[in-house]
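In what follows, a structure is listed as structure tokens, so that the remarks can point back to it.
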Amino acid sequence: MGFDNLIDRRQFYAGISALAVSVVLKNSATADSRTKIPLGFDNFSLRAMKWKADKLLDFAVEKKLDSILFSDLDVFESHESTYLNDLRKRAQDNGILIHAGTGGICPTSEKCIRKWGSPAEHLGLGIRVAKDLGSPVFRCYLGSQKDRSTAGGIQRHIDSTVKTLRQIKTKSVDANVKIGVENHAGDMQAEELVQLIEMAGTDYVGATIDSGNATWTLEHPQTNLELLGKYAVSSGIRDSTIWQTDKGASVAWNAVGEGQIDWKKYVETWHQMCPDVPFQLEIISGFDKSFPYHDKQFWNAYPDVKAIHFAKFLGLARVGKPVPKGNSNLPDFQLNELLKSIHFCQQKLGIGLKTLR
């Protein structure tokens, strides 16, 4: 049984037919007439499957994807070079770029992962793994929204992360592996991540753009992309819906095409700013998160939010409608959400180097 059995095949083939017709009939320049954006996914989209790297790679091959982000070091059967080189070769033989990654590397954040030693040792291992896999990137993150409310605020953790990154600069440069710091789980707004990247050094540090996490920092995803696009080296993409509540607003993440992002505009901006960076789907849906910004204490964690950026977030909240919850931890639910997103990107947005081949 193939991976597609959980979606309506009639919708799938109808979408393919519609796209084929649109390609034949087009008489003006479109995204399809330019260099296509690579399409991939983050293995966290299928976290309930508990698949290891080889099975995830099989999925990427079957779905005609161009890249895969292995966003944790536990996804591999081994960190031995022989195993990683074999995985690299199989990916290359199938035209798939691997991005490697991990979690928290900020020593002052509770999200810091200590399993692999000190933060610098953790990053050192990741850089070596990335090099063996042929990954030009090693993705990581600072922490979460909670870090904004700790002593010293998010700036303390930005400074701590920069100090850690500087410790591994030589390893990163020598391996030709860029560190892709993500705007993660409400930790940094785009301008704060830009500050971190420029403090550390753009020669070896870039951004992993996460469109969903932007909404967890009171940002419009389009604003987030416009600020981070030129620094982008990797990505985690999903849709979002925001709606007003008595306390402020709630945010739900969605499959691509089922939320409020103007994907035509978003992809156009992507083409302009970072066309070679893979558009990697990290679909996390089925729940919502409250942002009680009518409470004055809420703003203690956001002392420097710009009104113009928050206004764009509010613009989405004013027109958004509540989203039903789903069984977000079930394998079938996660698979279906990812499949819908892949098909939307391939059929409606024309993303993917292998689309229509």
Side-chain angles (χ1 to χ4, degrees), residues 1-7 12 38-104 113 115-116 125-126 129-130 132-135 137-141 180 182 184-185 208 210 212 234-238 253-256 278-287 326-346 352 354:
M1 182 173 68
F3 293 109
D4 277 325
N5 285 5
L6 291 173
I7 65 169
F12 173 71
L39 179 64
F41 78 105
D42 181 330
N43 67 289
F44 193 73
S45 297
L46 299 176
R47 56 205 174 277
M49 294 290 190
K50 301 187 184 301
W51 288 345
K52 290 294 188 178
D54 293 276
K55 181 67 173 176
L56 291 160
L57 185 56
D58 288 342
F59 176 86
V61 172
E62 180 172 332
K63 304 317 301 173
K64 301 187 184 303
L65 299 175
D66 309 302
S67 71
I68 182 169
L69 170 56
F70 293 123
S71 60
D72 66 272
L73 291 170
D74 290 314
V75 73
F76 305 111
E77 298 285 358
S78 166
H79 293 155
E80 294 295 325
S81 293
T82 301
Y83 164 78
L84 296 172
N85 288 332
D86 286 345
L87 196 63
R88 170 185 184 169
K89 183 177 186 305
R90 192 155 71 86
Q92 290 176 339
D93 288 346
N94 286 281
I96 294 173
L97 172 67
I98 291 176
H99 278 191
T102 191
I113 296 174
K115 179 178 181 179
W116 312 108
L125 170 63
V129 168
D132 284 345
L133 288 168
S135 171
V137 172
F138 187 61
R139 169 266 192 184
C140 61
Y141 57 74
E182 180 182 304
H184 181 261
T208 297
D210 192 302
S234 192
S235 66
I237 303 298
R238 58 192 169 279
W253 291 331
N254 320 108
V256 176
F279 204 80
Q280 296 179 139
L281 304 172
E282 185 187 15
I283 310 304
I284 314 169
S285 48
F287 67 99
N327 297 314
S328 58
N329 294 319
L330 294 180
D332 287 358
F333 178 85
Q334 292 178 8
L335 178 57
N336 193 47
E337 292 290 283
L338 178 58
L339 289 173
K340 287 190 293 184
S341 300
I342 291 171
H343 295 153
F344 183 88
C345 288
Q346 291 175 333
K354 299 168 187 172

Gly212 to Asp210 - nearest heavy-atom pair and separation: N-OD1, 3.0 Å
Check step by step if side-chain contact (heavy atoms from CB on, under 4.5 Å) holds for Gln346 and Leu65. CA-CA 10 Å; Gln346 291 175 333; Leu65 299 175; 4.1 Å; yes
Member of Leu281, Ile283, Leu338, Asp42 meeting the side chain to side chain contact (heavy atoms under 4.5 Å, CB included) criterion with Arg238: Ile283
Closest non-hydrogen contact found for Ser67 with Pro278 is OG-CB, 3.3 Å
One pair to check against side-chain contact (heavy atoms from CB on, under 4.5 Å): Phe70 and Ile98. What are the steps and the verdict? CA-CA 7 Å; Phe70 293 123; Ile98 291 176; 3.7 Å; yes
Please answer whether the main-chain N or O of Ala48 pairs with a side-chain N or O of Gln334 as donor and acceptor at a distance below 3.5 Å. yes
Test your reading of the model: is there a side-chain donor-acceptor pair from Ser341 to the backbone of Val256, 3.5 Å cut-off? yes
Within the distance-only criterion (no hydrogens, no angle test), does the side chain of Thr102 pair as donor or acceptor with the backbone N or O of Leu73 below 3.5 angstrom? no
Mind listing the closest non-hydrogen atom pair of Lys52 and Glu77 along with its distance? CG-OE2, 3.3 Å
Any non-hydrogen side-chain atom of Phe138 less than 4.5 Å from a side-chain atom of Leu133? no
What residues, two or more places apart in sequence or in another chain, satisfy ring pair (Phe, Tyr, Trp, His ring centres under 6.0 Å) together with Phe287? Trp253
Does Gln92 CD have over 12 foreign heavy atoms under 6.0 Å away? yes
N/O donor-acceptor pair under 3.5 Å between Asp72 side chain and Asp74 backbone: yes
With a 4.5 Å cut-off on side-chain heavy atoms, are Leu335 and Leu46 touching? yes
CD1 of Ile68 to NZ of Lys63: how many Å apart, nearest 0.5 Å? 13.5 Å
Spatial distance of atom CD (Glu282) from atom OG (Ser71) [nearest 0.5 Å]: 6.0 Å
For the pair Gln280 (side chain) and Leu39 (backbone), establish whether a donor and an acceptor sit closer than 3.5 Å, ignoring hydrogens and angles. no
Check Phe44 against Arg47 and note the closest heavy-atom contact, atom names and distance. O-NH1, 2.7 Å
Lys354 side chain to Gly95 backbone, donor-acceptor under 3.5 Å: yes
Within the side chain of His184, is there an N or O that forms a donor-acceptor pair under 3.5 Å with the backbone of Gly104? no
Does any pair with a residue in residues 88-98 pass salt bridge (Lys or Arg N to Asp or Glu O under 4.0 Å), and if so which ones, sequence neighbours excluded? Asp54-Arg90, Asp58-Arg90, Lys89-Asp93
Looking at NE2 of His79 and CG of Asp132, how far apart are the two atoms once the value is rounded to the nearest 0.5 Å? 10.5 Å
Is the closest side-chain heavy-atom distance between Phe41 and Leu56 below 4.5 Å? yes
Min side-chain heavy-atom separation Arg139-His99 under 4.5 Å: no
Can you see which heavy atom on Leu87 is nearest to which on Ala53, and at what distance? CD2-CB, 3.7 Å
So, the side chain of Ser235 versus the backbone of Ile237: is there a donor-acceptor pair under 3.5 Å, distance only? no
Provide the closest heavy-atom pair for Ser285 versus Glu337 in the form atom of the first, atom of the second, distance. OG-OE1, 2.7 Å
